[in-house]
Amino acid sequence: MRFPHRRRLPVKDVDRRILAIALPAFAALVSEPLMLVADTAIVGHLGRSELAGLAAASTVLTTVVGLCIFLAYGSTATVARYQGAGDDRRALESAVGGVWLAGLLGVVLTAVLALIARPLATALSSSAGVADLAHEYLLVATASVPAMLLVLAATGALRGLLDLRTPLIAMIAANLLNIVLTVTFVYGMGAGLAGAALGLVIAQWLAAIWLCAVVVRRARAQRASIHPRLTEILTAATDGVPLLVRTVTLRASLVLATVVAASLGDAPLAAHQIATTVVSLLAFALDALAIAGQTLTGRTLGASDAAGTRAMTRRMMVWGVGAGIAFGAVLAAASPLVARGFTSDETVLATVVPALLVVAAIQPLSGLVFVLDGVLIGAGDGVFLAWAGIVVLAFYAPAALVVGWLGASFTWLWLAYGLFIAARGATLWWRQRGEGWMVLGSAR
């Protein structure tokens, strides 16, 4: 199929559009995992068991919330496409539908997590003591789940509207509050892991109320309905199913890695928490370019601009690899210092530093993966991403399990992760070379 082409934008104009979204998105996205970074740094100095307990508990929490990332991605792509097509009211109605879906889903997931917190903590812990600590954190932290999902939906909608400033300010405020509250509860009041979880809950609800209020105000300005409408909620849910499957495959790989790390002992599990925290921080940073990909792809396709879509995609690939090289170089040079920022346990330090060097080496490829993932999400190509995720997980799982079966060193687990990133890169590169994902107009 051949698409009509418009005049190609100069590279500097393409760069300007990308950076106008990516820079504020970068700051906002990096601020989100900083809550976990703060908790890890604060709890890590309480002891090895506490850090391992946080590793198990945070894996559950981030998995549940991470599975719902479609609330942000789907909203960004849908709102941006309607905006590109000039239908502002429809864009806001879809945004409100996503927020209602997030709230309903959050309530259900909170109830389920509270019921199964103990078996989940036990399954992901390396000892009974660690399981008790993980359970303690989870029981409190589950109250933050509805807030986290509301933040995802509202942030996604605002990105689609090209409002990157509001989510940035809200998340900075929430992070500062989280640090103050966590230090106060953990050290000032001696509340341990439960105190760290309570700080997270309060900070996330502040951000949720703030962002949802902005979405409601924007909807009223466009005379869009802010009441729950079954059609909009079902549309948001249906559009999110392929992205949910895609995200399940990604989260399954992380959960599998945590299970393997736990089988290797307390020190590898504690090291895994540090490595995963660093990877999450880098991933959110690279995801800023993916957000630019989602937003700009949705808008250019909504405006039936095939040439603009291609130009954005090519340029964002350059930015993705470049950012990956920069992040990888910094991490490689600073890995011993980074590790000491999280723990003073010499065994954990010796375990995690080689893994961080592996993480640094794969960052250029990770940058390319994140950009292409964002482009295809923005295009509404969720079905392909779902099937590709299943194929990649089937490729990665045996490699990770072999590490556990052989009792190999912790570094080998992260080398297997490198194979996972390479497999994702191959599938996404193949897809973007074709034109099947380039559906023009407001319909996806």
Do you know which two heavy atoms are closest between [X] and [Y], and how far apart they sit?
X      : Y      : answer
Ala141 : Ala197 : N-CB, 3.8 Å
Val79  : Gly160 : CG1-C, 3.7 Å
Asp305 : Leu440 : N-CD2, 4.4 Å
Thr351 : Pro354 : O-CD, 3.6 Å
Val369 : Leu428 : O-CD1, 3.4 Å
Leu286 : Gly320 : CD2-O, 4.4 Å

> What residues, two or more places apart in sequence or in another chain, satisfy side chain to side chain donor-acceptor pair (under 3.5 Å) together with Ser144?
Replying inline: none
> What residues form a side chain to side chain donor-acceptor pair (under 3.5 Å) with Ser58, not counting sequence neighbours?
Replying inline: Gln273
>> Go through it in stages, so that I can follow the logic: the residues are Val99 and Leu150, the test is side-chain contact (heavy atoms from CB on, under 4.5 Å), and I'd like the CA-CA distance, side-chain angles, deciding distance and then a yes or no.
In response: CA-CA 6 Å; Val99 170; Leu150 289 171; 4.0 Å; yes
Heavy-atom check, side chain of [X] versus side chain of [Y], under 4.5 Å:
X      : Y      : answer
Arg90  : Ser94  : yes
Thr258 : Leu269 : yes
Val145 : Leu61  : yes
Trp387 : Ile390 : yes
Thr182 : Leu200 : no
Val371 : Thr313 : no
Leu413 : Pro268 : no
Gln432 : Arg310 : yes

>> As a quick check of understanding, evaluate side-chain contact (heavy atoms from CB on, under 4.5 Å) for Leu152 and Met148, giving each step before the final call.
In response: CA-CA 6 Å; Leu152 287 177; Met148 290 181 179; 5.8 Å; no
Looking at [atom1] of [X] and [atom2] of [Y], how far apart are the two atoms once the value is rounded to the nearest 0.5 Å?
X      : Y      : atom1 : atom2 : result
Leu161 : Thr166 : CG    : OG1   : 10.0 Å
Arg246 : Arg251 : CZ    : CZ    : 10.5 Å
Arg159 : Thr295 : CZ    : OG1   : 7.5 Å
Ile274 : Arg340 : CD1   : CZ    : 11.0 Å
Leu368 : Trp319 : CG    : CH2   : 15.5 Å
Leu365 : Arg424 : CG    : CZ    : 10.0 Å

>> Between Thr249 and Val392, is the side-chain contact (heavy atoms from CB on, under 4.5 Å) condition met? List the steps.
In response: CA-CA 8 Å; Thr249 62; Val392 171; over 6 Å; no
> Would one find more than 12 heavy atoms of other residues, nucleotides or ligands at under 6.0 Å from atom CH2 of Trp100?
Replying inline: no
Can you give me every donor-acceptor pair (side chain of residues 416-423, partner residue at least two apart or in another chain, under 3.5 Å) with its distance?
none

> Can you list the residues that meet the ring-ring contact (aromatic ring centres under 6.0 Å, His included) rule with Phe70, with sequence neighbours excluded?
Replying inline: none
> For Arg431, what residues pass the salt bridge (charged side-chain N to carboxylate O under 4.0 Å, His left out) criterion, not counting sequence neighbours?
Replying inline: Asp381
> Angle class for the Trp414/His272 ring planes (parallel below 30°, perpendicular above 60°, tilted otherwise)?
Replying inline: tilted
Donor-acceptor under 3.5 Å ([X] side chain, [Y] main chain):
X      : Y      : value
Asn175 : Met171 : yes
Thr142 : Thr110 : no
Arg299 : Gln83  : no

>> Can a side-chain donor-acceptor contact be found between Tyr73 and Asp287 if the only test is distance below 3.5 angstrom?
In response: yes
> For Leu51 and Phe342, what are the C-alpha separation, side-chain angles and deciding distance, and is it a side-chain contact (heavy atoms from CB on, under 4.5 Å)?
Replying inline: CA-CA 9 Å; Leu51 185 57; Phe342 292 107; 5.6 Å; no
>> Could you work out, with side-chain contact (heavy atoms from CB on, under 4.5 Å) as the rule, every residue matching Ala252, not counting sequence neighbours?
In response: Leu393
